[in-house]
Amino acid sequence: MNILKMKYFIDVADHLSFTKAAQQNYVSQTAVSQQIAAVERELEVQLFLRDKGRVALTPAGEAFYQDCARILRHYDKAVSRAQRIQCENGGVITIGFLTACKMSYLHDIINRFHQSYPNTDIKLRQCSFEGLRQLMESGELDVALAPACNLASIEHIHIEMAAWRRMGLLVSRENPLAQYDEITVDQMKDQDFVMISPQFAGQVFGHMVSQRRKEGFEPRIMETADSSEILVMLVELNRGACFLPEKTTIYNHSLCKMLHISDNDDNFDLSIAWQKDDASPALSCFLDCLRDFFHNRYEAWADANQ
């Protein structure tokens, strides 16, 4: 049994569907079915029950799944570690970040890093909250920039707080609140809100709702969006207001306005996360470049990029 067959098995078990596993791997359903049948013959173990289109793991399949999942995680980490360790003489460092916020500061950080490691490429991955978490869990990202709560409980990563971002209320220019630069919590309680959907926001969705309850009201959520870009578009269309970082959010200033909430203590951390098992000097250098920026220049950059 090779790694590819193991991955097919894991994907079928995750989805309980040969069709979805085939789509995920860009192969035919027949190819996946044949590979799983070959594994069952090789192991002399029935892994799946197949009955009238329904797929379920057998008890033996469930036990095999748990062990295979661990093996595959270790394999992915081993590959990533080998790729990262060669960064001194080339290689790639992959950075993940969220879609909603301005990230132009990475240009300066990457230039500083390349003064020490000119042959190491920096690959950028822009993701949803949940996508970022999944890529860190699988080891496909070396570094992630995101709120700590979105990455909590991933065992094999370090998380270090880099900066605080105060949350504001983004409204359409057509919204009556747009006449103000600063509002109170009471002024926004009767607003219609739009939010990133739970499946894309991960733990951040729960944090945002909990914060509103802490402020004394239940947010009236009219719509949810599957990306930050769609979320901002809903605000532009005056379908609701949304909570986003005051200084670094990407939006059309002619269509929207960011309001400061004077009596709101909602601050979101921006954290740096990286893989624990990565001891490469190149990654350490890149992390030092990030720390230097956030400790010494982030606030000035954020003020200049409102």
Side-chain angles (χ1 to χ4, degrees), residues 1-96 120-121 123 125 127-144 150-158 199-200 202 273-280 282-283:
M1 180 175 182
N2 57 33
I3 291 295
L4 180 60
K5 289 180 180 178
M6 187 177 294
K7 187 175 186 307
Y8 284 165
F9 166 69
I10 291 290
D11 290 342
V12 174
D14 282 339
H15 297 291
L16 294 179
S17 168
F18 285 84
T19 301
K20 290 181 179 178
Q23 291 171 345
Q24 184 168 326
N25 289 279
Y26 304 100
V27 296
S28 68
Q29 179 180 337
T30 300
V32 172
S33 298
Q34 290 174 343
Q35 294 287 353
I36 297 301
V39 171
E40 290 179 319
R41 287 194 302 272
E42 179 183 342
L43 301 180
E44 297 182 347
V45 171
Q46 184 178 2
L47 300 173
F48 293 101
L49 296 172
R50 305 160 177 86
D51 181 28
K52 298 179 180 178
R54 298 183 62 186
V55 177
L57 283 163
T58 65
E62 181 65 40
F64 190 58
Y65 170 81
Q66 299 297 331
D67 289 334
C68 283
R70 282 193 291 271
I71 292 169
L72 201 57
R73 284 197 298 271
H74 287 305
Y75 172 80
D76 288 340
K77 288 171 65 177
V79 171
S80 296
R81 185 166 183 259
Q83 291 172 338
R84 291 193 295 266
I85 286 175
Q86 74 167 3
C87 281
E88 288 181 81
N89 299 309
V92 177
I93 295 177
T94 305
I95 316 300
T120 300
D121 291 332
K123 184 177 180 180
R125 296 284 300 271
C127 314
S128 67
F129 287 98
E130 189 60 23
L132 202 66
R133 180 181 178 86
Q134 291 173 358
L135 292 175
M136 283 301 290
E137 287 181 321
S138 68
E140 294 177 63
L141 294 179
D142 300 299
V143 180
N150 194 60
L151 301 171
S153 76
I154 302 176
E155 294 182 356
H156 54 81
I157 67 169
H158 289 290
Q199 61 266 37
F200 280 78
W274 68 96
Q275 303 291 339
K276 282 183 179 179
D277 62 353
D278 193 333
S280 72
L283 182 64

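Closest approach of N150 to F129, counting heavy atoms only: ND2-O, 2.8 Å. Nearest heavy-atom pair, A273 versus L151, reported as atom, atom and distance to 0.1 Å: CB-CD1, 3.5 Å. Heavy-atom minimum distance, I93 versus I95: CG2-CD1, 3.5 Å. Between S153 and R133, the closest heavy-atom pair is OG-NH2, 2.8 Å. The two residues I10 and A69 come nearest to each other via the heavy atoms CD1-N, 3.6 Å. Heavy-atom minimum distance, C127 versus G131: CB-C, 4.1 Å.
Applying the 6.0 Å contact sphere to NZ of K276 captures more than 12 heavy atoms from other residues, nucleotides or ligands. Heavy atoms of other residues, nucleotides or ligands lying less than 6.0 angstrom from NZ of K5 number more than 12.
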Start with the C-alpha gap between K7 and Q24, add the side-chain angles, then the distance that decides, and say whether side chain to side chain contact (heavy atoms under 4.5 Å, CB included) holds.
CA-CA 11 Å; K7 187 175 186 307; Q24 184 168 326; 4.2 Å; yes

Assess whether side chain to side chain contact (heavy atoms under 4.5 Å, CB included) is satisfied between Q34 and T30, documenting all intermediate values.
CA-CA 6 Å; Q34 290 174 343; T30 300; 3.5 Å; yes

I would like to know whether F18 and R50 meet side chain to side chain contact (heavy atoms under 4.5 Å, CB included); could you show each step before the answer?
CA-CA 10 Å; F18 285 84; R50 305 160 177 86; 3.7 Å; yes

Just do the side chain to side chain contact (heavy atoms under 4.5 Å, CB included) check on Y65 and D14 with the steps written out, would you?
CA-CA 9 Å; Y65 170 81; D14 282 339; 2.4 Å; yes

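We find that R73 and D76 are not joined by a salt bridge, their nearest charged nitrogen and carboxylate oxygen being 4.0 Å or further apart.
One N or O on the side chain of Q275 and one on the backbone of M136 form a donor-acceptor pair closer than 3.5 Å. A donor-acceptor distance shorter than 3.5 angstrom exists from the side chain of E40 to the backbone of F48, with no hydrogens or angles considered. Between the side chain of H156 and the main chain of E137, a donor-acceptor pair closer than 3.5 Å is present. When atom types are taken as modelled, the side chain of N25 and the backbone of V27 share no donor-acceptor pair closer than 3.5 angstrom.
Considering L57, V45, T58, L43 in turn, L43 is the only one that fulfils the side-chain contact (heavy atoms from CB on, under 4.5 Å) rule with F64.
Taken from CZ in R125 to CG in L141, the straight-line distance is 6.5 Å, to the nearest 0.5 Å. Going from atom CE of M6 over to atom CG of D11 covers 12.5 Å, rounded to the nearest 0.5 Å. How far CG of D142 is from OG1 of T94: 5.0 Å, rounded to the nearest 0.5 Å. Here H74 contributes atom NE2 and K77 contributes atom NZ; the two are 6.0 Å apart, rounded to the nearest 0.5 Å.
With a 4.5 Å cut-off on side-chain heavy atoms, F9 and L47 count as touching.
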